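I have placed the structure first, in the form of structure tokens, so that the comments after it can refer back to it.
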Protein chains: 4
Amino acid sequence: MDRHQAKPAPGRPRSQQAMEAVLTAVRQLLETSAYKQITMEGIAKAAGVGKPTLYRWWPNVASIVMDAMTKQARQDIGVPDTGSLESDLHLYIGDTCRSLTQGAGSIMRSLMAEAQFDDGFAQIFRESFICSRRETLIALLKRSAARGELPKDADLELLTDLCYGPIWYRLLNGHAPLDEPFVQAITAHIMRG
Amino acid sequence: MDRHQAKPAPGRPRSQQAMEAVLTAVRQLLETSAYKQITMEGIAKAAGVGKPTLYRWWPNVASIVMDAMTKQARQDIGVPDTGSLESDLHLYIGDTCRSLTQGAGSIMRSLMAEAQFDDGFAQIFRESFICSRRETLIALLKRSAARGELPKDADLELLTDLCYGPIWYRLLNGHAPLDEPFVQAITAHIMRG
Amino acid sequence: MDRHQAKPAPGRPRSQQAMEAVLTAVRQLLETSAYKQITMEGIAKAAGVGKPTLYRWWPNVASIVMDAMTKQARQDIGVPDTGSLESDLHLYIGDTCRSLTQGAGSIMRSLMAEAQFDDGFAQIFRESFICSRRETLIALLKRSAARGELPKDADLELLTDLCYGPIWYRLLNGHAPLDEPFVQAITAHIMRG
Amino acid sequence: MDRHQAKPAPGRPRSQQAMEAVLTAVRQLLETSAYKQITMEGIAKAAGVGKPTLYRWWPNVASIVMDAMTKQARQDIGVPDTGSLESDLHLYIGDTCRSLTQGAGSIMRSLMAEAQFDDGFAQIFRESFICSRRETLIALLKRSAARGELPKDADLELLTDLCYGPIWYRLLNGHAPLDEPFVQAITAHIMRG
DNA sequence: AACTAATCGAGACGGTACGTCTCGTCTTTTT
DNA sequence: AAAAAGACGAGACGTACCGTCTCGATTAGTT
């Protein structure tokens, strides 16, 4: 249900320009600094924006960074549809891992870490990132199940955990790379399930 | 050890006592506060210890907390040996999950998060926690491989990722419980691998 | 110089209603808060008026407060005329002190303080308050001088300072009351001059 | 009464150096800026001192400024003793007025104004400045009364108000100078009282 | 009756300073 | 020599107002 024909809010509307300046500034900061060194104060200064404006739109650094990430590239990882579960999975997991090894990974680690400390952010982070990716994968699996490649009673949620779990585990611990053999191994492991 | 007949030291050799006071204080703080609210300042005050003393022994809060955790309970999770890989795995994974759902989980999440921000701590955390658990599991798998329950060329490192990955993934995201069905599902999937 | 026969300006005229709402709101705020806690923001909200409207009419809080005060009571202190300088003075100084001890004093102190920080306001404050009262007193003295109660070369400006000075001094410092003995003492002191 | 033989407080003592840096910085700021433009933030930066250090010693700008003023020159105005009340008064009032027209006046005005807004500061200001000056003058008057130059029942407190009142009144309003004729006039009036 | 123009309310804007917090270091006294 | 206590410089935090701006709506007088 939308606010069909809703009155525009009274008062000066929020400045799209300011918002974009902030997101751009954050992206630049992320390229030159570690996530932990990014502060509200620094963002405000870099974006030429007042601190209250920042706080009016976002509650903390993590939310801004997340916005900058999601608005930047929503289409990084497409949903493959080759007709075969195995190749679909292989492509999807491969894209996911490649994306995470190319710079986004470090930020995602920081956001995941931040989510452990702030319940409010955790909720948004999980809804925006984790769940949306999970649902994409689940849709892929469902399609495959409809083709009969999976047993009808397969627990798709669980399969998703088995897929993303090891990826995040390696990403967060850095004890082993997210490379092609790893992608193949996960794919094979899920195919056996 | 006594100061048997020793000259009174020129210094003030109270260090062991101070260290224990710190660890005890941290344990108490962890029971009543969120990890994020624990500060060096707070620990020093709670332990009746000077801040420089803290910094002389540990570089940051995370290290103290980790010390307090490891010194407290090293024997939480035993290594089962029933002769069957499946039941060994089931017991081990079950113990792991139960331990993580009983309070330690929240602290482990925080430490894992902290490790994303501080490379120095990350190294210690992985060596002390992650790797030691991985090695335990690998030993269990090796024993089983020697019994012929696993193919000789099985990638034990990878199997360990497939086991711990989903557990951490659920722990960090909280989207699903670490319950008995989950334990059984992971066990089953690894048995098939 | 008037806008004699000027065209009425085009556009919506300024709202008399808004102005009165502001002054009323300020009076209410003054009753419940210290002067220092009154802000443009607060006045706007209390009066249900936009901030630009406020700034269109007044440059700062002090000016609004002064307006509210002057519009409220212009006739607090009458000019006595008993035929005797001493009794005129006694009545006038007495009225002044009574008015200042009954609530107006605290606001006058704040306005006088504000005038120390803002030259623009200082000018208005002195013209509206200080000088108008001084002129009243000088008129009273002149009348008396015409009757021969004062030497012809008496410095009336100086006498006014000798009268108002101690009153303000006690008001601002609060080290002693503006009571009847004080009124009599000042009167006597001036009579001797 | 001092803390005879008191234990020195434990911990690092307060840095005399920091305190002096602050007072020096404030004096420099006062020369180049209006009082109202001086902020805690600015003082901290100018003195190369942390803000908490400032707040540890003083509650607000006014207190720092007052400290800087009192520590700078305690001997500006001596207490004359010529043997004659009239010449003593004339010298004392003259010194007071000269001191107030030479730069200190503007700061004193600001401090007096500040005292109207902050009760805590008001108390300190009155004790440090107002009362100490009043007592000096009262002592002078008492000495004279002992010589029989004043009636025995003269209200010295009141005479002090009659002396300082007009001075402050002219200082705060700026409608007339604190010049030599003014000094003579006040002296003459008090002599008649 | 439609147009024009200045006002209104609301509230977001870029700023600045606030007073607090924690950091990691430094200095002193005490043991 | 090492302990506690705690002050230190630094700087981010989130908040409060400032005075300006940008809206849509309202309200006159002018076409």
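Below, each value reflects all heavy atoms present in this structure, side chains not excepted, and no hydrogens, waters or symmetry copies. Labels below follow one simple rule: chain letters A, B, ... track the order of the sequence lines, proteins then strands, and each chain is numbered from 1. Bear in mind the structure is a predicted one, so any value in this text is a computation, not a measurement.
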Within this structure, what is the CD1-to-C1' distance between A/I43 and E/dG14, rounded to whole angstrom?
16 Å

For residues 34-47 of chain D, pull every pair meeting salt bridge (charged side-chain N to carboxylate O under 4.0 Å, His left out), keeping only residues two or more places apart or in separate chains.
D/E41-D/K51

Listing time: all N or O pairs from protein to nucleotides 15-17 of chain E that are below 3.5 Å?
none

What is the distance, to the nearest angstrom, from the CD atom on D/Q17 to the C1' atom on E/dC26?
12 Å

When you measure from the side-chain N and O atoms of C/W57 to the phosphate of E/dT7, is any distance below 4.0 Å, counting only OP1 and OP2?
no

Restricting to pairs with a member in residues 53-64 of chain A, which pass salt bridge (charged side-chain N to carboxylate O under 4.0 Å, His left out), not counting sequence neighbours?
none

Restricting to non-hydrogen atoms, name the atom on B/M40 and the atom on B/N60 that form the minimum distance, rounded to 0.1 Å.
CE-CA, 3.7 Å

Quick one: A/W58 CH2 to F/dG14 P, roughly how many Å, whole number?
15 Å

Are OP1 or OP2 of E/dA12 and a side-chain N or O of A/T53 less than 4.0 angstrom apart?
no

Considering non-hydrogen atoms only, spot the tightest contact between B/L111 and B/A62 and give its length.
CD2-O, 3.9 Å

For C/K45 and for A/A18, find the nucleotide of DNA chain E with the closest heavy atom, then tell me which residue's nucleotide is more 5'.
C/K45

Apply side-chain contact (heavy atoms from CB on, under 4.5 Å) to B/M112 and A/M112, showing your working.
CA-CA 10 Å; B/M112 174 67 96; A/M112 174 66 96; over 6 Å; no

Rounded interatomic separation in angstrom, taking CD from C/Q16 and C1' from F/dT27:
16 Å

Using the test ring-ring contact (aromatic ring centres under 6.0 Å, His included), find all partners of C/Y35 that sit at least two apart in sequence or belong to another chain.
D/F117

Would you mind telling me which residue lines up with the more 5' stretch of DNA chain F, D/A47 or C/N60, judged by nearest nucleotide?
D/A47

Salt bridge (charged side-chain N to carboxylate O under 4.0 Å, His left out) contacts touching residues 105-119 of chain D (sequence neighbours left out)
none

Rounded to the nearest Å, what distance is computed from the CG atom of residue D/L54 to the P atom of nucleotide F/dA10?
12 Å

Contacting residues from residues 113-125 of chain C, given that a heavy atom lies under 4.0 angstrom of DNA chain F:
none

What is the distance, rounded to the nearest whole Å, between atom OH of D/Y55 and atom P of F/dC13?
18 Å

Do D/R12 and F/dC8 share a donor-acceptor pair, side chain to base, under 3.5 Å?
no

CG (C/L29) and OG1 (C/T24) are apart, to the nearest 0.5 Å, by 11.0 Å

Give the minimum heavy-atom separation between C/A47 and C/A21, together with the two atoms involved.
CB-O, 3.8 Å

